Each structure stands twice: as C-alpha cells, then as structure tokens.
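Chain naming here is simple, since letters A, B, ... match the order of the sequence lines and numbering starts at 1 in each. Since this is a predicted model, take the numbers as computed values, not measurements.
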Amino acid sequence: MSDIISPPKPGTPPTREALDALRHSCAHVMAQVVQELFPGTKITIGPPIDNGFYYDFDSEHRFTEEDLARIEARMLEIAKGDHVFNGKVVTKDESRAYWAARGEKYKVEILDELTGTVTHYTHDTFTDLCRGGHMADTSSIRFVKLLSVAGAYWRGDEKREMLQRIYGTAFFSKDELKAYLRQLEEAKKRDHRRLGEDLGLFSIHQMVGAGLVHWHPKGTALRRAIEEYLRSKLECGGYSFVMTPHVSSEELYKTSGHLQNYSDLMYGAMDIEGNPFRAKPMNCPNHIMIFKSKLHSYRELPIRYAEYGTVYRFERSGVLHGLMRVRGFTQDDAHIFCRVDQIESEIADLLALAKAVYGDFGFTDLTCYLSTRPEKSSGEAELWDKAIVMLRDALGGSGLKFEVDEGGGAFYGPKIDLKVRDAIGREWQVATIQLDFVLPRKFGVKYRDSSGGEEFVVMIHRAILGSFERFIGVLIEHYGGKFPLWLAPVQVKVMSLTDAQNEAAEALAKALRAAGLRVEVDLRVEKIGHKIREATLEKVPYMAVLGPRDVEAGVVSVRRQDGTQVNGLKAEDLAARLAEEARTKSLVPTLA
RNA sequence: GCCGAGGUAGCUCAACGGUAGAGCAAUCGCUUCGUAAGCGAUAGGUUGUGGGUUCGAAUCCCAUCCUCGGCUCCA
C-alpha cells in the first residue's frame with residue numbers, strides 16, 4: 001500500500017506524518033490487547049492526536065491505572081513480533097458483514113456513513129476498519145506509555161453511549177519519550193492551581209461556590225500590575241474606559257437575544273420589585289446603552305469603549321478548571337463602534353496592539369485563526385464577504401501567522417482568535433476579535449452619515465488578554481511562578497541579619513517603596529539562610545540583605561532569585577535601578 | 001451535565017470496621033546568627049455535608065457539595 005510510512009532516519013527529527021503513523025499503529029495494537037485481556041470489549045475509533053493517541057472502548061470492565069501497566073506491557077510484547085500492517089480494500093457490504101458478525105456495532109455505524117470501498121488493516125490477530133497511515137510493521141513500536149483513562153461520548157455526543165478512552169503516547173526513541181514525560185512533569189510543577197496556593201495568589205471556596213475566585217493580596221498586586229499596564233496602553237490607543245452594572249434587567253437580554261440563545265449560560269433571574277434581573281454574562285449590551293445615550297456623527301467614529309468587565313456565566317460543573325475556566329471572571333473587554341470602511345484599520349491596529357502586549361509578557365509565538373461565515377448566519381452576504389476580505393488583509397499586513405477556519409465564525413460575524421505558545425510549548429487561546437453586524441440592528445445602533453442619513457454601526461467585540469483570570473493562569477504557568485520584576489507581587493524582600501540592622505532595613509524598605517517598588521521586610525530572629533530559603537520559595541526576584549558589615553559601609557547585599565549575588569550597592573542606587581527594571585518591563589533581571 | 005477517581009490538621013500524607021497519627025507550617029520559650037531549613041515545648045480534627053447499616057464508621061451504603069482526569073463547551 002502507498003500509505004505505509006517509514007520511520008525517520010536515525011538522528012533526524014520525525015515528521016508529523018511519521019509520528020501520527022506510529023501512534024495510530026499503537027492505537028491498533030492497544031485495541032488488540034484490550035480485546036484480548038477484556039473479552040467482550042467493543043472497539044470504536046483510535047486516532048493519533050497532537051501528543052499521542054487514544055482509543056475509545058465500550059466495555060463492561062472499568063479500566064484502572066493498574067490495567068494500563070498490564071496493557072502497555074502486553075503491547076510491547078506483541079510489537080516485538082514485528083507484525084506487518086496489511087491493508088486490504090473491501091466493499092462496504094463485505095465490511096459490514098465482517099463487523100456485524102463480530103457484534104462491533106460501532107464499526108457498523110461508521111460504515112453507514114462511508115461511501116465506496118473501505119480498507120481493513122490487519123496485524124497479528126487484529127483487524128480494524130481504518131483509512132490507513134501506519135508503519136510498515138510493529139517494529140517501530142518500542143517506546144510507548146499509556147497515560148490515563150477518561151470518559152468520552154461516542155461521536156462526542158452527550159446523548160450517545162459513554163465510552164472509556166485510554167490515552168497514550170509513543171515516540172521513535174527512548175530519549176524523545178523521556179523528554180515528553182519530563183515535559184508533562186514540568187507542566188505539573190507549573191500548574192497554576194498548585195502555584196496559586198503556594199504563592200498565596202488566589203483561592204476558591206466550596207462555601208462560596210465553584211468557579212468563583214478570591215484574589216489574595218499578592219494575586220491582587222499581580223493583577224493590578226497587569227490592569228495598570230493595559231489601561232495605559234489602551235488609553236494611548238484611543239480607548240475610553242467605562243464602567244457598567246453587574247446586574248441588568250431581563251429586558252436588556254431579551255433585546256440582545258442572549259436570553260433566547262444564551263440562557264443556559266446565564267445565572268437565574270432575581271426578582272426585584274416584580275421584575276426579573278440577571279447577573280451580566282457579557283458587557284456588550286451595556287456598552288451599547290452608553291453609545292446610544294446620544295446621537296453620534298460619522299466624524300466621531302470609531303468610538304472605543306473599554307471596560308474591565310466582570311461577568312458571570314453558569315458553566316457546567318465538569319468544565320471548571322482553576323483560573324482557566326471559572327463562573328465569574330473579568331474580561332479586558334472593549335467594543336469598537338465603527339463604520340464599515342474603518343474595519344480594516346481597526347483590526348490592523350488591534351493586531352498590532354495584541355502583538356505589542358503579548359511581547360511585553362514574553363509571548364512571541366502567536367498564531368491567529370480567522371473564522372469565516374458559518375452556514376447559519378445573519379446579515380447580508382455582501383457585508384460578510386467585504387468584512388472577511390478586510391480581516392484577511394489586516395492579518396496579512398500584521399506579520400502574524402494565521403490559519404483560516406472556514407465556516408467557524410459566529411452567526412453574527414466573522415472573528416479572529418489568537419493563541420500564544422508558552423515557555424514549555426503549550427498553546428493557549430487568549431485574545432478574540434469578533435465583528436458583529438447583528439447586535440447594532442437589534443438595538444438600532446446608528447450614526448448620522450455625511451449626507452444626513454442614518455447608518456448602522458459595525459461593532460467589534462474584542463478582548464486582548466481574554467480574561468484576567470485565564471490570562472493570569474497562563475502567566476503563572478508560563479513563568480512557572482517566577483515573575484519578571486514588573487509583575488512580581490513582592491519585588492524585593494529586605495532582610496536583617498540581626499536585630500541591630502532592623503532600623504537600617506526599615507529605612508531601606510522605605511526608600512524602595514518610595515521608588516514605587518512592592519517590598520516586604522523580614523526582621524525575624526532567624527538565621528539568614530532560613531530567611532533566604534523562604535524568600536526563594538516565595539520566588540521573590542530580589543533579596544536585599546543587611547548585616548553589620550553592610551550597615552557600617554552604608555551599602556546593601558543583593559541576592560537574586562537564582563542565587564547570584566550583587567554586593568556593595570548603595571540604597572539609592574538599588575532603588576533607582578530596580579525601579580528602572582520594573583519600568584522597562586524587563587523579562588530578565590538587569591541588576592548585575 | 002456525563003464517565004471514572006478522590007475529599008482526614010493551614011499544607012503534604014498515614015490509619016482502611018475497634019482510642020485519628022507524622023512531617024512541614026502555626027504559637028510560646030531559648031538562640032543574634034553572613035546567603036536554601038537552629039533547638040525545645042505547646043496547640044491544632046464532629047475525617048466535606050446530611051442521612052443510613054452496625055455493639056462500634058474516617059473506613060460499608062445512599063444522597064449532596066466540592067476537587068481531579070477527560071467528553072462537550074469556552075474568555
């Protein structure tokens with residue numbers, strides 16, 4: 001068969017195609033083992049995925065972690081037989097007869113949706129209905145690790161059978177497998193839920209409710225550093241900040257259509273003097289109220305309203321995840337009210353702004369996804385086409401790499417989503433830029449054009465960070481809790497060697513605070529090694545140590561988080577240099 | 001919401017039908033010390049919550065809340 005993939009030559013990195021073929025082959029062998037060890041198990045599908053593969057099974061047996069080790073061991077044993085993967089073209093009827101005879105109802109169901117002939121792939125004792133993409137034989141299957149068991153719906157449909165999915169990964173070399181498992185370990189160490197607690201950033205309480213975040217002093221310091229930074233960026237970019245209520249009458253959401261289309265995600269109604277009110281699930285209708293409070297000329301557009309808007313959405317309990325997916329969150333939201341002819345330049349500005357903002361946080365690898373008109377859409381086709389051309393042009397001019405998701409847009413307009421790649425190579429969806437032709441019509445949001453007539457505005461919904469919650473979650477994992485100076489909740493920890501230095505320590509702290517730095521002082525009667533250990537675990541970027549020799553010489557000894565040392569600095573110099581490092585948002589320590 | 005695994009001191013965990021323990025943290029005392037853990041003592045728990053089984057429940061059963069791995073969804 002032509003779709004047999006060769007393993008990479010030694011010393012060359014494997015192609016995507018080769019990895020997929022290896023992992024897909026692993027999925028077949030895993031299915032073979034599972035049916036061998038757990039008779040009666042029905043097979044469904046088992047594709048390769050980004051970092052491995054899975055296979056979904058329908059089985060009476062509940063797979064456990066211990067089963068995984070057994071299955072893995074047996075897989076390797078079978079693979080050693082160097083069994084060839086044989087592809088064979090069969091007719092649909094032959095195939096159906098084959099699977100029906102074995103009671104494989106899922107395979108029969110898949111067949112119903114295929115046309116023409118199909119292929120069966122056989123290795124050793126196992127045959128699967130499969131379009132191919134395998135290694136020549138099982139000899140490449142040597143470095144495999146089964147990772148977890150999870151539930152998954154057949155066809156991803158929650159109304160269908162719940163299957164058991166076994167995830168695994170495989171590589172062509174031991175080193176690559178080890179490197180991947182190390183990366184998983186590293187990701188675990190960076191888990192923002194763990195670090196958030198260890199570093200005292202935030203907490204979530206059963207008594208308050210799932211998905212509702214409490215920001216502690218240190219988390220608040222971090223968040224405020226980001227808020228302040230973005231506020232000044234946006235004000236320079238021509239945005240005006242607004243603030244809107246956290247609850248609104250249902251009337252508002254009837255008009256916007258949220259109540260009809262979005263009510264599953266909204267908190268229930270509160271009765272206020274006989275009228276139903278809702279916690280706000282998004283800020284746009286409120287911004288529209290502000291826009292509509294007076295008549296606007298075409299000359300005034302674009303008008304850009306920004307709000308750090310806190311919204312509440314009733315996410316299903318199973319999807320909540322630390323800061324990444326919560327029920328109450330604050331978006332760095334904005335709505336741009338503009339004319340059709342302004343779309344392209346607004347989008348271009350937005351992309352440039354996003355690029356600059358992400359650069360300041362140390363994210364340089366960005367990918368955009370342009371989503372175009374879906375089947376069910378609202379608004380004139382001509383307007384859609386025009387807008388998509390403008391989005392494409394803006395993306396083309398931005399220098400950002402982008403992919404197109406045909407038909408992936410919202411019903412009310414096309415959109416651009418932005419993903420960033422973090423320090424250990426994971427992608428996160430953050431920014432979103434959505435054009436909206438519909439809401440302006442629902443609310444009658446118009447401007448007076450040059451000929452004195454009325455024209456609907458185009459709204460651009462956009463968030464650059466997404467939400468402070470998710471973005472800070474991403475940041476924690478990106479930096480592994482070791483924030484650059486400008487973001488660190490505590491930037492300098494001043495510590496005295498003995499209480500003879502306490503006064504000098506307080507004076508130093510005062511000087512540093514006067515320079516705008518966030519400072520803590522440790523005057524405890526503890527050995528300096530103990531204080532340093534604690535400050536290191538707290539991931540404080542700079543420790544300023546004062547002992548008798550320092551005080552006598554009128555200087556301070558500075559230790560950086562990584563253990564390197566700068567001695568003999570004058571207090572004023574230290575304050576000025578750290579303030580400068582924070583001001584320039586340096587991602588690396590500059591004190592040397 | 002669904003499938004699976006969990007919830008024991010502030011944290012990490014032990015005890016798995018028979019008196020709830022340890023380390024770290026906390027508090028108190030001693031220690032005044034030069035770059036990742038000084039010493040001792042004390043205190044700390046209706047075992048997530050509510051029911052049930054049992055002579056006896058952290059342990060078994062039911063319900064419920066929350067957490068974790070996923071599905072689906074999403075900022």
Ring geometry between A/Tyr267 and A/Tyr312 (parallel below 30°, tilted from 30 to 60°, perpendicular above 60°): perpendicular
Touch class at under 4.0 angstrom, heavy-atom based, for A/Ser557 against every strand present: base
Within residues 152-163 of chain A: residues closer than 4.0 Å to RNA chain B (heavy atoms): A/Ala152, A/Tyr153, A/Gly156, A/Met162
Sugar-phosphate, base or nothing in reach of A/Gly318, heavy atoms under 4.0 Å: base
Stretch residues 186-210 of chain A: residues that reach within less than 4.0 Å of RNA chain B through a heavy atom: A/Arg193, A/Arg194, A/Glu197, A/Gln206, A/Ala210
N/O donor-acceptor pairs under 3.5 Å from side chains in residues 355-365 of chain A, not counting sequence neighbours:
residue  : atom : partner  : partner atom : Å
A/Lys355 : NZ   : A/Ser398 : O            : 3.1
A/Tyr358 : OH   : A/Ile464 : O            : 2.4
A/Asp360 : OD2  : A/Tyr229 : OH           : 2.6
A/Asp365 : OD1  : A/Lys401 : NZ           : 2.9
A/Asp365 : OD2  : A/Arg421 : NE           : 3.2

Distance, P atom - from B/G1 to B/C60, rounded to whole angstrom: 25 Å
Sugar-phosphate, base or nothing in reach of A/Arg470, heavy atoms under 4.0 Å: base
Carboxylate-amine/guanidinium proximity below 4.0 Å for A/Glu526 and A/Arg533: no
Sugar-phosphate, base or nothing in reach of A/Gln565, heavy atoms under 4.0 Å: base
Salt bridge (Lys or Arg N to Asp or Glu O under 4.0 Å) assessment of A/Glu469 paired with A/Arg223: CA-CA 9 Å; A/Glu469 284 75 9; A/Arg223 176 162 159 179; 3.4 Å; yes
Sugar-phosphate only, base, or nothing, as touched by A/Arg325 at under 4.0 Å among non-hydrogen atoms: base
With sequence neighbours excluded, residues passing ring-ring contact (aromatic ring centres under 6.0 Å, His included) with A/His335: A/His287, A/His461
Euclidean distance, A/Met495 CE relative to A/Ile532 CD1, rounded to 0.5 Å: 6.0 Å
Salt bridge (charged side-chain N to carboxylate O under 4.0 Å, His left out) pairs, two or more places apart, involving residues 43-59 of chain A: A/Asp56-A/Arg165
Separation between the C1' atoms of B/C13 and B/C55, rounded to whole Å: 32 Å
Audit row: A/Phe337, A/Tyr305, ring pair (Phe, Tyr, Trp, His ring centres under 6.0 Å) steps and yes/no: CA-CA 8 Å; A/Phe337 299 84; A/Tyr305 291 148; 5.7 Å; yes
Cation-pi, A/Tyr369 ring and A/Lys419 (6.0 angstrom, 45 degrees): yes
Sequence neighbours excluded - side chain to side chain donor-acceptor pair (under 3.5 Å) pairs with any residue from residues 209-220 of chain A: A/Ser203-A/His216
Of A/Leu252, A/Leu259, A/Val247, the residue whose pairing with A/Arg278 passes side-chain contact (heavy atoms from CB on, under 4.5 Å): A/Leu259
Euclidean distance for P, B/C71 against B/C62 (whole angstrom): 28 Å
ring-ring contact (aromatic ring centres under 6.0 Å, His included) involving A/Phe468 - partner list, sequence neighbours excluded: A/Tyr308
Sugar-phosphate only, base, or nothing, as touched by A/Val311 at under 4.0 Å among non-hydrogen atoms: nothing
Sugar-phosphate, base or nothing in reach of A/Phe468, heavy atoms under 4.0 Å: nothing
Outermost RNA chain B nucleotides near chain A [under 4.0 Å, heavy atoms]: B/G1 to B/A75
Nearest-angstrom distance, C1' atom, B/A25 to B/G17: 33 Å
Pairwise C1' distance for B/G38 and B/C33, with rounding to whole Å: 9 Å
Touch class at under 4.0 angstrom, heavy-atom based, for A/Glu315 against every strand present: base
side-chain contact (heavy atoms from CB on, under 4.5 Å) partners of A/Ala394, counting only residues at least two apart: A/Glu344, A/Ile347, A/Ala348, A/Leu351
Whole-Å C1' distance, B/G45 and B/A9: 6 Å
Watson-Crick or G-U stems of RNA chain B, 3 or more pairs, under 3.5 Å, by first number: B:1-7 with B:65-71, B:10-13 with B:21-24, B:26-30 with B:38-42, B:48-52 with B:60-64
Touch class at under 4.0 angstrom, heavy-atom based, for A/Gly151 against every strand present: base
Selection residues 318-328 of chain A - residue pairs positive for salt bridge (charged side-chain N to carboxylate O under 4.0 Å, His left out), sequence neighbours left out: A/Glu315-A/Arg325
Same-atom distance (C1') from B/C30 to B/G7, integer angstrom: 40 Å
Sugar-phosphate only, base, or nothing, as touched by A/Leu465 at under 4.0 Å among non-hydrogen atoms: nothing
Whole-Å C1' distance, B/U19 and B/U59: 15 Å
Toward the 5' end of RNA chain B, by each residue's nearest nucleotide, A/Ala463 or A/Arg165: A/Arg165
N-O pairing of A/Glu346 and A/Arg462 below 4.0 Å: no
Verdict with reasoning, A/Tyr55 to A/Phe53, per ring pair (Phe, Tyr, Trp, His ring centres under 6.0 Å): CA-CA 7 Å; A/Tyr55 211 109; A/Phe53 62 91; 9.1 Å; no
Stepwise salt bridge (Lys or Arg N to Asp or Glu O under 4.0 Å) check, A/Lys415 with A/Asp417: CA-CA 7 Å; A/Lys415 64 173 182 173; A/Asp417 289 321; 3.3 Å; yes
Touch class at under 4.0 angstrom, heavy-atom based, for A/Ile528 against every strand present: sugar-phosphate
A/Phe63 and A/Phe38 aromatic centres sub-6.0 Å: yes
Members of residues 493-501 of chain A that approach RNA chain B, where some heavy atom sits under 4.0 Å away: A/Leu497, A/Thr498, A/Asp499
